[in-house]
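Reading through the structure tokens given below for one structure.
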Amino acid sequence: MQHLRHLNPAQRDAVLTPSGPLLILAGAGTGKTRVITYRMAELIRRGTPAERILSVTFTNKAAKEMQHRTAELLGKNVRKKPQVSTFHALCVRILRQDITALGYPANFTIFDRGDQESAARTALRDIRVPETSLRPGDLLSRISQWKMRNQLPPEAASSAENDLDFLGATAYRRYQANLKASAAVDFDDLLLLTVQLFDEHPEILARHQARFDHVQIDEYQDTNGTQFEIVEALVRPHGNLCVVGDDDQSIYAWRGAELRHILGFASTFPGTKVIRLEDNYRCTDEILHLANTLVRNNRNRHDKQLLPHKVGVNSVRFAAFADENAEAQNVVNDINYLVQQMNVSPSDFAILFRTNEQPRVFESELRRHRLPYIVLGSMSFFDRREIRDILAYLKVLVHREDEISLLRIINVPARGIGAGTVEKIIKRAVQNGQRFWETIPDAAAAGEIPKGTLSAIQRFQELLDRYRQRLAASPKNISGLVRDLIETIDYEGEIEKQYKEPQQQLLRSAMLDELIDSIKQYEERADEPSLSEFLEESALTGRDDEDDKEEKLSQQGIKLMTLHSAKGLEFPRVYLVGLEEGLLPHKRSIDAPVESIDEERRLAYVGITRARDYLTLSRAASRMKWGKRRPSIPSRFLFEMKGMQPQSAEQEEVIIEE
DNA sequence: AAGGAGGGTTTTTTT
DNA sequence: AACCCTCCTT
């Protein structure tokens, strides 16, 4: 019990409650990650085999960290690694085993966000809905909401309240059918299909229930309906479920997260023991006071009293600048001064923002000062057109049925298969209920395909076959295959055509090198490298965090990230920027129902409580938007925070004109 | 079919 | 400002 001595009584209580339903209500900075890690280690120490405990975290990064720290706590006592995974990774493992029971092939593809968008576009086109009446993005979010409520297309159609909903439900059906035909599942399907599997096949559920004696879930406030159902099903036999969360930090409602799961946990699971962690060891009293003042404006929450354990002097600053450039310059100057003159480590700093468009200015300022920085969680890498194109090739190689990816690359780089022909083939395929490739002979016979195009199609098919054979012959040499593929299709030539500026060209082909690098890293890391596993990994993690390299880098740089990706992290010095109406709270939430503002407020709360010692809240008086400069109004949250300390806030505010 | 010009649209957050 | 779509010319 030596290791528990620096826990407070509440924390120790949480760690030492081994069974039954347990709800740990843990405010920001109360060490909840530590508690849940210790708890897992303690369970193992008391004799539960590591592999019989399932810990679910919110991100892959958190999973890795927890696995690492548990192993550290246990020392050499345990051979098996503790099971830690995200919901999505957990579901992938379950589905790879058992999805055939639902009529999907076991080697299904996982569609990432970009694939989903193409699929949505295709579905709309198939049912002849113009994108002007329903955008693919809007369709996707509707579909996601339906799926998170476990509603299938027919139900969705019958519960539709207006024409647009009905249209959406029809498109949903088409989208789902297309995905299934492509042997593909999207992110929500991973969860939804697992729920369906458990519902329809009790014997399969029983098998998975039998694998675990204990289940723990971190960040429980962000659980959505399907995730809840999966957990509830898994712990049904024993009720050994421990959840940790903070209702004030729920920031994923738009992804289906529902506060009622954490607020109603004790009534859902009778006999729940509730433990509150209210000692904040992270923030100074000033920072914590500011956060509490702000979040108190929310109504639907557990009122809690977070106790500070640190005293700060002038640890909070407010600043306003003329525009976003001045904001970036001043923030970076400030950091630069502290790094250069006061010897503060760059890794002490984080710049937090609401939207992904904001960091650009900061990046260029940081580069100008030659300060090391890292942009976290920007999905920029796998989101780049080049990367997506090549990945689409790879997906087509592995999954012949994946027509979404096929259509993306069938004429990229241009090879004489024009849009007109492709459209004709698709139309025919949809009419006859055939697959794309099956339709081609018919379409050719009907004279729909010009001779030149037909031979181009044949050449393309031969290319794919050649690479498929090669993949079958040497499945482990993925990086070599990709390099040759890029060469064969002359993607470099495509880049030169597409981008006129040499700098752009260089940048874009560097992306290709990076892709090959990340594949090489995967090859080294994996026990049994395979292209399909690489694709699965890159879909699930978005980007491939090269473990050590990235970690080392992240130790010595200034971190830039969105408020969403800052969840669960902490930094000695935080700059929360862009506190303006329309940005934080975001315009879309201002236009939406009132509760959305509460979520934006929680987002601001999360941002504030990331700061250990110093916090700077800044805004710009004007901002470029859509190529035009527009005035920005200070965020309502600033007034809410200052409501408690107006005079000091006013005094500290400085407007710096350019 | 390809490439370029011009016009319209866009920015929430992510496993 | 950056991107995508459409239309036009080659």
Practice problem: For A:E117 and B:dT10, give me the distance from atom CD to atom C1', rounded to whole Å. | Solution: 12 Å
Quiz item: With A:E219, which residues qualify under salt bridge (Lys or Arg N to Asp or Glu O under 4.0 Å), at least two apart?
Solution: A:K32, A:K567
Kindly list each side-chain donor-acceptor pair under 3.5 angstrom involving residues 450-458 of chain A, sequence neighbours excluded, with atom names and distances?
| unit_1 | atom_1 | unit_2 | atom_2 | d |
| --- | --- | --- | --- | --- |
| A:S455 | OG | A:G452 | O | 3.0 |

Exercise. Counting heavy atoms from C-beta on, name the nucleotide in B:dT13, C:dC5, B:dT15 closest to the side chain of A:R121.
Key: C:dC5
Practice problem: Check every strand shown and say whether A:S589 touches a base, only sugar-phosphate, or nothing at a heavy-atom separation below 4.0 Å. | Solution: nothing
Quiz item: What's the CZ-C1' distance between A:R360 and B:dT10, to the nearest Å?
Solution: 12 Å
Practice problem: Choose from B:dT14, B:dT10, B:dT15 the nucleotide whose nearest atom is closest to any side-chain atom of A:R135. | Solution: B:dT10
Grab the N/O contacts between the protein and nucleotides 3-5 of chain B below 3.5 Å, and write none if there aren't any.
none

Self-check item: Among B:dA1, B:dT14, B:dT15, the nucleotide that comes nearest once only the side chain of A:S565 is considered
Solution: B:dT14
Quiz item: For A:W626 and B:dT9, is the gap between ring centres under 5.5 Å while the planes differ by less than 30°?
Solution: no
Self-check item: A:Y605 versus A:N298, side-chain donor and acceptor atoms under 3.5 Å
Solution: no
Practice problem: Among the candidates B:dT15, B:dT11, B:dT14, find the nucleotide nearest to the side-chain atoms of A:R588. | Solution: B:dT11
Quiz item: What residues, two or more places apart in sequence or in another chain, satisfy salt bridge (Lys or Arg N to Asp or Glu O under 4.0 Å) together with A:E494?
Solution: none
Only distances under 3.5 Å count here; give the side-chain donor-acceptor pairs of residues 591-599 of chain A to other protein atoms, sequence neighbours excluded, each with its distance to 0.1 Å.
| unit_1 | atom_1 | unit_2 | atom_2 | d |
| --- | --- | --- | --- | --- |
| A:D591 | OD2 | A:K587 | NZ | 2.9 |
| A:S596 | OG | A:P593 | O | 2.6 |
| A:D598 | OD1 | A:R601 | NH1 | 3.1 |
| A:E599 | OE1 | A:A253 | N | 3.3 |
| A:E599 | OE1 | A:R602 | NH2 | 3.3 |
| A:E599 | OE2 | A:Y252 | N | 3.4 |
| A:E599 | OE2 | A:A253 | N | 3.1 |

Quiz prompt | Rounded distance (Å) that lies between atom C1' of B:dT13 and atom CZ of A:R610 | solution = 15 Å
Quiz item: Which residue, A:F187 or A:A419, contacts DNA chain B at a nucleotide closer to its 5' end, judged by nearest heavy atom?
Solution: A:A419
Quiz item: So which pairs with a foot in residues 411-421 of chain A pass side-chain hydrogen bond (donor to acceptor under 3.5 Å, both in side chains), sequence neighbours left out?
Solution: A:Y393-A:R415
Quiz item: Which of these nucleotides, B:dA2, C:dA2, B:dT10, is closest to any side-chain atom of A:N411?
Solution: B:dA2
Quiz prompt | Interatomic distance, A:Q249 CD vs B:dT14 P [rounded to whole Å] | solution = 16 Å
Quiz prompt | Euclidean distance, atom CZ of residue A:R113 to atom C1' of B:dT13 [Å, nearest integer] | solution = 11 Å
Quiz item: After noting the C-alpha distance and the side-chain angles of A:Y373 and A:E363, does the key distance pass the side-chain hydrogen bond (donor to acceptor under 3.5 Å, both in side chains) rule?
Solution: CA-CA 8 Å; A:Y373 71 89; A:E363 280 189 74; 3.0 Å; yes
Exercise. Can you tell me the distance, in whole Å, between the CZ atom of A:F58 and the C1' atom of B:dT14?
Key: 8 Å
Quiz prompt | Of the listed nucleotides B:dA1, B:dT15, B:dT13, the one nearest the side chain of A:H564 | solution = B:dT13
Practice problem: Name the nucleic acid region contacted by A:R602, choosing base, sugar-phosphate or nothing; use a 4.0 angstrom heavy-atom cut-off, strictly under. | Solution: nothing
Quiz item: Is A:G420 touching bases, backbone alone, or none of the nucleic acid, heavy atoms closer than 4.0 Å?
Solution: sugar-phosphate
Quiz item: If you find the nucleotide of DNA chain B closest to A:Y252 and the one closest to A:T421, which residue's nucleotide is nearer the 5' end?
Solution: A:T421
